[in-house]
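Below: the structure, in structure tokens.
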Amino acid sequence: MPFFREKAKQEARESQMSIEKTYDPSAVETRLYERWEKSGAFACDVHSKKEPYCIMLPPPNVTGSLHMGHALINTLQDILIRFQRMKGKDVLWQLGTDHAGISTQLVVERQLAAQGLDRREMGREAFLKRVWAWKEESGGTITKQLRRLGASGDWSRECFTMDEGLSRAVTREFVTLYNEGLIYKDKRLVNWDPKMLTAVSDLEVESKEVKGHLWYFNYPIEGSDEWITIATTRPETMLGDTAVAVHPENEKLKHLIGKQVKLPLVGRLIPIIGDDYADPEKGTGAVKITPAHDFNDFEVGKRHNLPMINIFDQHAKLNEEAPQKYRGLDRFVARKKIVEDMEALGLLDKIEDHIHAVPHDEKTKTVVIEPFLSEQWYCDVRGMADQAVKAVREGKTQFVPKQWENTFFAWMEDIRPWCISRQLWWGHQIPAWYGSDGKVFVAESDEEADTQAEKHYGKKTALTRDEDVFDTWFSSALWPFSTLGWPDKTPELARYYPTDVLMTGFDIIFFWVARMMMMGLHFVGDVPFRKVFISALVRDEKGQKMSKTRGNVIDPLDVIEKYGCDALRFTLANLSTPGRDIKLSASRIEGNRNFVTKLWNAARFCQMNGCEWIEGFDPYKVMGDPNAQTTNKWIIHSLRHEWSLITSCLEDFRFDLASSRMYGFVWNIFCDWYLELSKPILSGDDEKAKRETQETVAWVLGQIFHLLHPVMPFVTEELWGKFTGSTDMLMTRAWPDYSNDVKDFEAVDEIEWLISLVNDIRTVRAELNVPAGAQIPLQVKGASDETKARFERHAAIIARLARLSGVTHVDAVAKGSAQSVLGEATLILPLAEIIDLDSERARLKKEGEKIAAEIKKLDAKLGNKDFIDRAPPEIVEEQRERRAEAEAILARLEAAQKNLAG
RNA sequence: GGGCGCUUAGCUCAGCGGGAGAGCACUUCCUUGACAUGGAAGGGGUCACAGGUUCAAUCCCUGUAGCGCCCA
């Protein structure tokens, strides 16, 4: 009994260790993620002696879900995080979510609407309770998804922008800026969302080309029979006109300046003014001026001291400033009515079709945003913007790719005061209180405001708090330091700020990056990040933007389910060429899933062949051993080379190049050649060579796991465990460092020769339709002693890979043989019996033509005196060598043709 | 209108001042003891167009065209 029990135990152990035939990503991914997270390996260590490395996750909307753009940006961040962690840094990937004022409120309002409820009827408190409930309910979605993606961030430090600490930071921000005179209240035109009933910033407005009309109205000139014709895209706003403008140098119209027109439908007398804004080339040369409903007109109005007549209420319905018959009408209903009425009065000159840009809300893209006169809080960011520009110009923060700096500069240099108040309920309520006389008290708390008021009024006074909340970006602007504990002077802030890299999409350079730069410099005194990496936009395979309305959204989780997380991560990394959008196609992901499978099977092969990982294996010993296998020296040399390239690609954010190199190395070097070359040794009798090869194979495979881990964390971790039996986690192991520069160009030469040899023979065989299974003899003519030695050393490999029955060195070529040229030697396949002479002739002819063309090109170059005189000598020499080689090959190809001709 | 980017194999894209590359797709062959999610071989490109710089341009410069994005 004990014996069987022992045996069963041992078998169990073995099956747990051994690599199964197929890889099941979803089971493995979930298990490994839990293991990583439980181990505490994601957490930073503020007391660590290691160098810190920090990335702030751009906080996704708390109630949102992961889309492909998130998948991309978070994959790239995780690659850097894992890479730097392995490189021995104390890594902090700060995670968290954003309350996303408008979006979240919009979602909840819609939910309410579906139940026939309205937030106004519920009241602020009940509504907010509802939003918090929704946040609790859906807030976990995105974080679960991040986990599914393999994100190795520090969950223990997860933040939410409306957490107490972060809220305190926002209050401090506002109060400080207010006390510095950088925040003020002002009544001016804002972009108004008449559906959400809030101001929005310029950035939150999206222009859409809309087919509309240009209406030409005749405005009668007072005291004459004449009229002046104006063109407008918004007839309804005429009710708020307070002037008509013409260009002061407009020859045809300038005589009218100073006269008045009687505004139709209203009867108000308004002046005709001269202003450059009226372009004589555009429309009729005369424009109506409606200062309260157009940003340009607002400026004209200010220049000419025109009254501002606001004809809309907050729903963009006509108010009591409009004539009785229009009051209460929606702006678009009023538009129609006014056009009809103007026509009835005979004042409608004509209507033209007109395509023009109409501002829409950027969330739903359905509501037309209205320029609307209202009182809002503004932040004067001019000075801070200058500081931010200066920091970037000085290279304190660098954009990658660099061209985005221009975008940043362009916007910063043209920056306008930032409207920071929103008429929403979900968000940070503005810490401003008003006395009954309207006096403002800005303070960090109720109590402080009361104290201020008491001081001011000389007695306790009841205050009312401002109902508005801040623009969401007013709080996210603090993210790089509010998450680290600011305004307190925490050890985290001291250690991780400035952060190393910020990764984000170009679409929020203005919204977010610019504002973090400004606030970081202003409040912490240094840039918030050293590098800003701007990622590509993920499109569908036709190059269209993914959007719900188009229905072309690829859900990253579906992809992960189908192909595994590593395949998706690898694909995203591989496609992210700087400065180019990503067109994501299923075939690409599938191809990379196959890569994962390839790696899996390669590891399985290695394990089946007794290649056991030896901790502490010393590759330099193999390199220094004159009797070591050339294949092993070659692969060690190649791996070291690959390591240095992959490392520098990752350091340069070239995820595309890094992943391509990984793919090429694993598949085309390691699997296609190294493992194939190793097979005869692994199954041979030379115990020393076998052991050395087993060890080297295992070592190289282990290094591959390390190098691939940042991009493909799951399959590498799983294989690491299964292959090495190690209880260490790969994710916390050190990134390889082969600072000892091992090189062996002789081994490289030899293996490259070997590969060419096998390729040449395979080509001849395939083109001459030699049956794949047939073992044929090879004769070699003109081989040097070195080449002969190589044939000797690799006899088994050559026979196996080229399917040869044997190799002999000869002095003459048998009639009717197929021939190929390799270096100084001629390869002869005496196949007179089986080959098709015509196809061999055709093959040789084609080869010859190729070479001849090359010689011709080289001759032209070398015959050019300027080239000889002016090109660098080594280039000239290189071309000469190339020509000599080509010449030799051509000669032997011609000999082969002759031999065939018989 | 201003700015930026792109144009390389059928498709998606690397690359780069001196020999045109990958993946996918395609054709032919192969179930050879890791892998058919695989192996082997092959076809396929005036590197958008026109000028310029250079001994040499797919690459640098200028212009043109087409496409895309951002801003107004």
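All values below were derived from every heavy atom in this structure, side-chain atoms included, with hydrogens, water molecules and symmetry-related copies excluded. Proteins get letters first, then strands, A, B, ... in listed order; numbering begins at 1 in each.
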Between atom [atom1] in [X] and atom [atom2] in [N], what is the gap in whole Å?
X       : N      : atom1 : atom2 : answer
D672(A) : A40(B) : CG    : C1'   : 10 Å
F506(A) : G68(B) : CZ    : P     : 15 Å
L584(A) : C24(B) : CG    : C1'   : 14 Å
E676(A) : C35(B) : CD    : C1'   : 10 Å

* Asked: Partner of C16(B) by Watson-Crick or G-U wobble geometry, both contacts under 3.5 Å, or none?
  -> none

It should be established whether [X] places a side-chain nitrogen or oxygen under 4.0 Å from OP1 or OP2 of nucleotide [N].
X       : N      : result
K598(A) : G38(B) : no
R580(A) : A14(B) : yes
T763(A) : G42(B) : yes

* Asked: Hey, does R765(A) reach any base, or is it just sugar-phosphate, or nothing, if we go heavy atoms under 4.0 Å?
  -> nothing

* Could you work out which one of A34(B), A14(B), A72(B) sits closest to the side chain of M608(A)? => A34(B)

* **Ring centres under 6.0 angstrom apart (F506(A), W404(A))** => yes

* Taking atom C1' in both U31(B) and G39(B), what distance in whole Å separates the two? -> 10 Å

